[in-house]
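Each remark here refers to the structure printed beneath this line.
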Amino acid sequence: LIELSSYVGDVLSYYIDYNYKENLLSTATEKRNVRRLSEFLGYKAPNKTPSVVKLKVTTTIDANTDGTPKYGTTPQSIDSGLQIASNVDSQILFETTGEIDFTVSGSGDDPISAPILDSNGEASSYTLTRYVRAVSGQTKTKSFTITSPTKFLELDLGEDNVIEILNCQDSSGQKWHNVDYLAQEKVLKQTHYSDDTTRDSAYDQGDATSIISSVPIPYVVEYIKTNKKFISNFDEDTQTYKVQFGNGLFRFSNSGSNVDPVEQAGVTINGTNLSDIPSAIGSTIGNNLNLGETPANTILTFTYRAGGGATSNVQVGELTTINNPPDNVTISVTNDEPSIGGTDGQTVDEIRNNASAFFATQLRCVTKEDYTARIQSIPTKFGSIAKTYVNRLDGGTLLVSTLSYNQNRQLVQTPELILQNVATYLNQFRMINDQLDFGFNLNNTLFSGYIINFGVRFIVNQDRRSNATAVKLNVIQVIKDFFKVEKMQFRQSININDLQYNILGLSGVIGIKELLLFQDGTDEYAGSRKFYNYEVDGTTVPNGEVSYGFQYNFTEALDDGIYRPSVTPSVFELKNPNQDIYGKVV
């Protein structure tokens, strides 16, 4: 009996210790427990992750009689979901996640080729290039027939590799939205410019302002409140993805039409049905579908993308076969870079650490760095943001300075419609007491950020044994590389000593007689050019270079070989490297 009691006590102690250990994220070892604990912290670990790649899409357009590109022949848009198969293994499929629009361009990454000449030496056509993101997987659909309403209805998609749910629609054509949690009240809605009556193109800002922007804005974003929502989770027990709906039930009238929600978990008083509670009292206890309604007497059709895994990673040039080519244009596709990211899921340690990091941030914007990272990561379909700087003012207000790229990859003021999209997008992340101001008004003109443009002047001494022209071209190329716009950020200084070091490392250069940045040209170089168009107060400078930025005193800003940044958050930019660099070799 003593041995039996010892055995029972030992076993009980073991399982008590084991259960306690599995209830803590830091000590749990079973994957299902780690996954559930991470979900409790708000982190949903995917079972498989897709491989991601940047596809290069090209098409050919005709030339006008004067040799310029005939953009009117370009297709308006190729919808997302273009399916590309590997030319090595046809079972590996990728699908584009964004529209391909040859009429818009976001940066210098979307170039137009040199003209293709005919037999007479005249321009006959051009090649347009666009880049689009694609993920491994293929689109599938599955339908469910729902009869009687069920609280927290759960449906099994029967797939273990669901990447994302693209759409859910019932038999009456109403859309159901995938949310992070059932209590989420608002969902993100995006409207393409072709579906917006106030906009004629991606460059038209519609109601935001009558000015046509130089930056494309394919979508306008807004938040809508809806009760038609569901969540999706991976079930470790069944090894499949499941979706779950809310608990809102409807009372039906004699005609069969739904009238209002009358039952919801937690909104009864001492067992009394809501229908017996006066409406005035019912409104005070929250008689609404805050957890969403549950479907009934309908057919739900899910459209989702399934795929991913470690086998979905492909090499350069492997994605060339288009399975569903568009009807309105002839295109060719390839990948200049290998795809990355495809895995067979996260390990227990990875889930544990990612959940801890997720809980620490909880997707909230608390610090200035949080806001900067969130703005920089806004989907490009809502507008492109190239540079961002967030500064907290004395009153606690956050001033957000932004700049964007035009199609020549030059910095321009961020259009007002993009600023509206950013402000709306940040509403779900910002702290409740944070007030955000985007841009600033100077002389009745809205500026999103300060740009300081300049020219470069150099005189270098060459080795007599070298070719002077080659040395000059090499120096110009080093200057271009040094001042690439991708390297420049808000409040960044310019260390001219580093540039001198790079130039002295060139073959044929034995010394630097002069190297400076300037904005006002002289008769010796740049003529009467002024590399700015605005005074500090935003007024236009007479004879200033149009489309250039603000005036800045580079002479006073130079201190021990370093050009100090402006007190006002600004970005230095060598706007036109082929025109703004002056120099000679002696």
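Keep in mind that the numbers below use all heavy atoms, side chains included, and drop hydrogens, waters and symmetry copies.
Listed for the Thr294 side chain is a donor-acceptor partner under 3.5 Å among the backbone atoms of Thr150.
Taking the ring centre of Tyr193 as origin, the terminal cationic atom of Arg199 falls outside the region bounded by 6.0 Å and 45° from the ring axis. Judged by the 6.0 Å and 45° rule, Lys142 forms no cation-pi pair with Phe302. Relative to the ring axis of Tyr219, Lys381 places its NZ or CZ within 45° and under 6.0 Å from the centre.
Using a 4.0 Å cut-off between charged side-chain N and carboxylate O, Arg409 and Glu486 make a salt bridge. No salt bridge links Glu236 with Lys31; every basic N to acidic carboxylate O contact stays at or beyond 4.0 Å. Taking a cutoff of 4.0 Å between a charged side-chain nitrogen and a carboxylate oxygen, Glu159 and Lys140 qualify as a salt bridge.
The number of heavy-atom neighbours closer than 6.0 Å to CD of Gln239, taken from other residues, nucleotides and ligands shown, is above 12. In this structure, Lys186 places its NZ atom where only 12 or fewer heavy-atom neighbours from other residues, nucleotides or ligands lie under 6.0 Å away.
Remark: of the listed residues Val390, Val422, Leu419, Leu419 is the sole one forming a side-chain contact (heavy atoms from CB on, under 4.5 Å) with Thr402. Partner of Asn233 under the side-chain contact (heavy atoms from CB on, under 4.5 Å) criterion, chosen from Glu39, Arg35, Lys242: Glu39. When each of Thr240, Asp235, Val243 is tested with Asp156 by the rule side-chain contact (heavy atoms from CB on, under 4.5 Å), just one qualifies, namely Thr240.
Using a 4.5 Å heavy-atom cutoff, the side chains of Lys56 and Val333 are not in contact. Here the side chains of Asp344 and Asn47 are not in contact, with every heavy-atom distance at 4.5 Å or above. The closest side-chain heavy-atom distance from Phe382 to Thr424 is not below 4.5 Å. Residues Gln346 and Pro46 meet the side-chain proximity criterion, which asks for heavy atoms closer than 4.5 Å.
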Next item on the list: Would you please test Thr58 and Thr129 for side chain to side chain donor-acceptor pair (under 3.5 Å) and show each step?
Entry: CA-CA 4 Å; Thr58 58; Thr129 301; 5.7 Å; no
Next item on the list: Would you please test Asp237 and Arg36 for salt bridge (charged side-chain N to carboxylate O under 4.0 Å, His left out) and show each step?
Entry: CA-CA 11 Å; Asp237 295 327; Arg36 288 171 180 169; 3.0 Å; yes
Notebook entry, point to check: Please walk me through it: do Ile92 and Asp89 pass side-chain contact (heavy atoms from CB on, under 4.5 Å)?
Noted result: CA-CA 6 Å; Ile92 299 179; Asp89 184 356; 3.9 Å; yes
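Shown here are the ring pair (Phe, Tyr, Trp, His ring centres under 6.0 Å) partners of Phe245, two or more places apart in sequence or in another chain: Trp176, Phe230.
Applying the salt bridge (charged side-chain N to carboxylate O under 4.0 Å, His left out) rule to pairs touching residues 422-441 yields Arg392-Asp434, sequence neighbours excluded.
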